[in-house]
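This report concerns only the one structure given below.
Residue numbering restarts at 1 for every chain, and letters A, B, ... go by the order of the sequence lines.
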There are 2 protein chains.
Amino acid sequence: MDIVENLELAARYREILRQALYVVRSIDADGELSTAQTSTLNMLAAAPMRIGLIARNAGIRVPSATEQVTKLAAAGLVERVPSHTDARVVEVRLTEEGRRTLKAANLRRNREMARAFDSLSPRERQAINLAIPAIEKLNVALSP
Amino acid sequence: MDIVENLELAARYREILRQALYVVRSIDADGELSTAQTSTLNMLAAAPMRIGLIARNAGIRVPSATEQVTKLAAAGLVERVPSHTDARVVEVRLTEEGRRTLKAANLRRNREMARAFDSLSPRERQAINLAIPAIEKLNVALSP
DNA sequence: GCCTAATAGTTAGGGTGCCTAACAGTCAAG
DNA sequence: CTTGACTGTTAGGCACCCTAACTATTAGGC
């Protein structure tokens with residue numbers, strides 16, 4: 001790939017990323033849950049999980065995961081359950097309220113997103129769909 | 001598009017956005033310029049621009065643009081030039097040093113990005129390339 | 001010409017979400 | 001039983017965005 005082309009691609013890529021993230025955040029801001037909180041809850045909906053694994057899955061550091069969990073716990077959406085096999089470990093588990101709240105938040109958000117996705121052509125939706133795994137791979141390649 | 005499918009697409013989309021932005025930021029953090037600063041400088045490289053237009057182009061509010069410009073001006077990379085036709089207006093213009101710094105930063109960043117893009121297949125690169133306009137459109141559709 | 005309304009930008013204060021460094025507690029291995 | 005590795009928390013800090021409230025200037029109606 002041409003260097004100049006690459007530079008332009010990279011610049012545009014960075015630009016739309018920034019915009020996209022903040023647009024998504026502004027949608028999330030209307031609701032009960034922030035973007036990162038939803039992301040964490042969605043992870044925990046599959047299975048209870050310890051802090052370190054939350055961090056690893058989210059691609060963030062352990063203290064950042066602690067922070068998110070602390071917020072969620074304060075809101076009563078998750079609970080910390082000490083592991084009985086290893087006293088260092090904390091299992092984080094959705095509460096019933098957490099599950100309800102997440103469900104509602106996902107629905108609400110989905111309505112907004114669906115409205116936006118509907119304004120795209122099938123080709124465009126497909127383009128985003130196809131790009132997602134590539135961006136995931138790029139994220140890994142760019143990670144330290 | 002199916003609701004469930006859409007929900008999953010939206011969730012994954014949100015997830016990779018967050019990761020991608022912070023990965024890019026961590027690359028930028030090694031250099032002289034932050035992500036937002038580079039983005040602003042790149043915009044100004046084309047032409048001098050007033051604060052309001054910077055904000056509009058970047059999809060941010062005017063005070064946020066002021067903040068970025070203030071940082072850049074403090075670093076000597078841009079200068080505020082009062083308009084002589086309208087005393088309320090401030091034109092922001094790259095300094096020579098700003099131009100040099102931006103060029104160097106773009107080169108350095110490009111090396112990093114190119115390395116990452118090289119680890120993708122041509123198909124994957126193409127997928128990202130094609131998705132960019134679609135994401136741009138989605139950003140607009142999601143904006144308030 | 002003057003007052004009012006609109007407009008450009010700044011300042012102040014706040015919030016999210018990430019980071020590193022330093023720490024406490026627990027476990028495992030010699 | 002001590003040393004070293006590991007899990008999570010705390011403290012402090014930074015990038016980047018926001019809204020609300022302000023100042024200065026311009027423009028339009030009377």
Run the salt-bridge test on Glu91(A) and Arg50(A) with the 4.0 Å N-O cut-off and return the result as yes or no. no

Touch class at under 4.0 angstrom, heavy-atom based, for Val62(A) against every strand present: base

Which atom names give the shortest non-hydrogen contact between Pro133(B) and Leu130(B), and what distance separates them? CD-O, 3.2 Å

In whole Å, I'd like the distance from the CG atom of Leu33(B) to the C1' atom of dC14(D). 16 Å

Tell me: CG of Leu72(B) to C1' of dC16(D), nearest whole Å? 13 Å

Return the value, rounded to whole Å, for the distance between atom CG of Leu17(A) and atom P of dC16(D). 14 Å

Flag yes if more than 12 heavy atoms outside Arg93(A) fall under 6.0 Å of its CZ atom; otherwise flag no. no

Could you state the atom-to-atom distance from CZ of Arg56(A) to P of dG8(D) in whole Å? 10 Å

Close N or O pairs between protein and nucleotides 13-18 of chain C (under 3.5 Å):
| unit_1 | atom_1 | unit_2 | atom_2 | d |
| --- | --- | --- | --- | --- |
| dG17(C) | OP1 | Ser34(A) | OG | 3.3 |
| dG17(C) | OP1 | Thr35(A) | N | 3.3 |
| dG17(C) | OP1 | Ala36(A) | N | 3.1 |
| dG17(C) | OP2 | Ser34(A) | OG | 2.5 |
| dC18(C) | OP1 | Arg18(B) | NH1 | 2.9 |
| dC18(C) | N4 | Glu67(A) | OE1 | 3.1 |

Any donor-acceptor N or O pair under 3.5 Å, side chains Ser34(A), Asp28(A): no

One pair to check against side chain to side chain contact (heavy atoms under 4.5 Å, CB included): Leu21(B) and Leu17(B). What are the steps and the verdict? CA-CA 6 Å; Leu21(B) 185 67; Leu17(B) 283 185; over 6 Å; no

Carboxylate-amine/guanidinium proximity below 4.0 Å for Glu112(A) and Arg115(A): yes

To the nearest angstrom, how far is Glu91(A) atom CD from dT7(D) atom P? 13 Å

Identify the residue among Leu53(A), Ile54(A), Ile60(A) that makes a side chain to side chain contact (heavy atoms under 4.5 Å, CB included) with Arg56(A). Leu53(A)

Provide, to the nearest angstrom, the distance between the CG atom belonging to Asp28(B) and the C1' atom belonging to dC14(D). 14 Å

Short N-O contact, Arg100(A) and Glu97(A), less than 4.0 angstrom: no

Base, backbone or nothing for each nucleotide of nucleotides 23-30 of chain C, written B, S, -, heavy atoms under 4.0 angstrom, 5' to 3'? --BBS---

Of Pro63(B) and Pro63(A), whose nearest nucleotide on DNA chain C comes first from the 5' end? Pro63(B)

It should be established whether Thr66(A) places a side-chain nitrogen or oxygen under 4.0 Å from OP1 or OP2 of nucleotide dG8(D). no

Tell me the interatomic distance from Arg14(A), atom CZ, to dA15(D), atom P, rounded to whole angstroms. 17 Å

Got a sec, which residues hit salt bridge (charged side-chain N to carboxylate O under 4.0 Å, His left out) with Glu124(B), two or more places apart in sequence or on another chain? Lys137(A)

